[in-house]
**Student:** 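Could you have a look at this structure, given as structure tokens, before my questions?
Keep in mind it's a predicted model, so treat the numbers as computed, not measured.
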Amino acid sequence: MATVLGAQTTQGDRDRRGRELEGLLLRTGRGDREAFALLYGQTRGAVYALALSLLHNAHEAQDVAQDVFVRVWESAPAYRPQGSPMAWLLTIARNLALARLRRSGRQVELDREEWDAIPARDPGISPEDRQLLQQALAGLGEEERQIILLHAVAGLKHREIAQLLEKPLSTVLSKYHRGLGKLRSMMRGESDR
């Protein structure tokens with residue numbers, strides 16, 4: 001199960017990925033379109049997942065994700081390495097999604113099809129694992145699902161998730177561990193059949 005969620009990545013893997021994203025952002029800031037395309041390819045799933053978790057609408061999440069990358073292209077020349085590049089991208093996504101929510105003044109539930117689109121976008125997941133993951137994610141509470149996806153898909157550290165979601169670190173850790181426990185139980189039940 002942990003490999004399905006990408007939780008087996010080491011701190012070294014996350015650091016290496018952060019340095020790679022940072023390099024792509026710096027190159028994008030110099031107008032390098034190839035670096036921007038690589039940055040987009042490596043981060044679009046996480047940006048979309050966060051926007052979807054906040055907006056609860058697949059079409060609006062796609063619009064926000066596109067707006068994020070327009071903003072990234074425009075803002076990259078001013079980007080200065082400090083902290084996590086992924087957190088910088090997701091902060092832009094969060095701000096744009098929350099602005100859209102404020103303008104619309106609505107709150108709706110996210111349907112299963114929209115949540116299913118998140119792991120479906122990862123080409124490294126086999127169809128069998130994808131189906132199992134989708135079923136398991138559907139059984140989580142909204143905040144648990146959001147925190148697990150931000151950690152597993154986006155590779156954010158728990159303190160970065162806490163800052164991004166404006167929640168205490170203890171709440172993020174508690175919901176993450178509770179969600180993982182639920183996922184383990186659901187996955188065990190799936191394998192017992």
Side-chain angles (χ1 to χ4, degrees), residues 3-101 103 110 113-127 129-130 133-134 137 145-158 160-161 163-165:
T3 56
V4 170
L5 292 175
Q8 290 293 320
T9 58
T10 65
Q11 183 62 42
D13 292 337
R14 282 191 288 271
D15 291 345
R16 187 173 36 261
R17 184 166 188 248
R19 285 189 303 273
E20 182 180 349
L21 292 178
E22 191 168 275
L24 291 173
L25 269 170
L26 292 170
R27 287 175 46 204
T28 297
R30 294 189 298 267
D32 184 335
R33 292 183 185 275
E34 184 179 323
F36 181 66
L38 290 170
L39 179 70
Y40 174 80
Q42 291 182 26
T43 60
R44 70 175 179 233
V47 167
Y48 173 77
L50 177 62
L52 183 60
S53 72
L54 294 169
L55 295 168
H56 307 283
N57 179 289
H59 296 292
E60 287 188 10
Q62 289 170 351
D63 288 347
V64 164
Q66 288 176 346
D67 291 346
V68 166
F69 288 102
V70 168
R71 181 78 53 91
V72 166
W73 178 258
E74 295 170 349
S75 302
Y79 175 77
R80 298 295 172 258
Q82 57 187 35
S84 164
M86 182 61 86
W88 183 76
L89 285 166
L90 293 177
T91 298
I92 294 171
R94 179 182 170 275
N95 290 342
L96 291 176
L98 291 177
R100 185 175 285 238
L101 273 177
R103 284 192 306 270
L110 190 62
E113 181 180 312
E114 293 169 323
W115 272 115
D116 287 352
I118 296 170
R121 292 175 182 270
D122 188 339
I125 299 177
S126 73
D129 286 346
R130 181 176 295 124
L133 178 58
Q134 289 168 344
L137 286 172
R145 184 172 38 234
Q146 186 179 42
I147 290 166
I148 287 173
L149 287 171
L150 286 171
H151 184 69
V153 175
L156 291 182
K157 297 174 186 170
H158 293 106
E160 293 171 327
I161 295 169
Q163 290 172 335
L164 187 66
L165 299 179

**Student:** Start with the C-alpha distance between Val64 and Leu52, add both sets of side-chain angles, then the distance that settles side-chain contact (heavy atoms from CB on, under 4.5 Å), and finish with yes or no.
**Tutor:** CA-CA 9 Å; Val64 164; Leu52 183 60; over 6 Å; no
**Student:** Show me the donor-acceptor pairs within less than 3.5 Å that the side chains of residues 89-98 make with the rest of the protein, sequence neighbours left out.
**Tutor:**
unit_1	atom_1	unit_2	atom_2	d
Thr91	OG1	Ala87	O	2.7
Arg94	NE	Leu164	O	2.4
Arg94	NH2	Glu166	OE1	2.8
Arg94	NH2	Glu166	OE2	2.9
Asn95	ND2	Thr91	O	3.3

**Student:** Determine which pairs satisfy side-chain hydrogen bond (donor to acceptor under 3.5 Å, both in side chains) with at least one residue from residues 66-77, sequence neighbours left out, and list them in order.
**Tutor:** none
**Student:** With sequence neighbours excluded, what pairs up with Ala99 under the side-chain contact (heavy atoms from CB on, under 4.5 Å) test?
**Tutor:** Arg102, Arg103
**Student:** I need the Leu39 CG to Arg27 CZ distance, nearest 0.5 Å.
**Tutor:** 10.0 Å
**Student:** side-chain contact (heavy atoms from CB on, under 4.5 Å) with Ala65: which residues, sequence neighbours excluded?
**Tutor:** Val47
**Student:** Is there side-chain contact between Thr43 and Phe69, with at least one heavy-atom pair below 4.5 Å?
**Tutor:** yes
**Student:** If you measure from CG on Leu25 to CZ on Arg80, what distance do you get to the nearest 0.5 Å?
**Tutor:** 11.5 Å
**Student:** Could you report the tightest heavy-atom contact between Pro85 and Glu22, atom names first, then the distance?
**Tutor:** CG-N, 3.7 Å
**Student:** By side-chain contact (heavy atoms from CB on, under 4.5 Å), which residues pair with Pro77, not counting sequence neighbours?
**Tutor:** none
**Student:** Where do Gln42 and Leu24 come nearest, in terms of heavy atoms and distance?
**Tutor:** NE2-CD1, 3.9 Å
**Student:** Using the rule given for side-chain contact (heavy atoms from CB on, under 4.5 Å), can you reason through Phe36 versus Val72, listing the C-alpha separation, both sets of side-chain angles and the distance that settles it, and then say yes or no?
**Tutor:** CA-CA 9 Å; Phe36 181 66; Val72 166; 4.2 Å; yes
**Student:** Kindly write out the residues that satisfy side-chain contact (heavy atoms from CB on, under 4.5 Å) with Ala76, not counting sequence neighbours, or none if the list is empty.
**Tutor:** Thr28
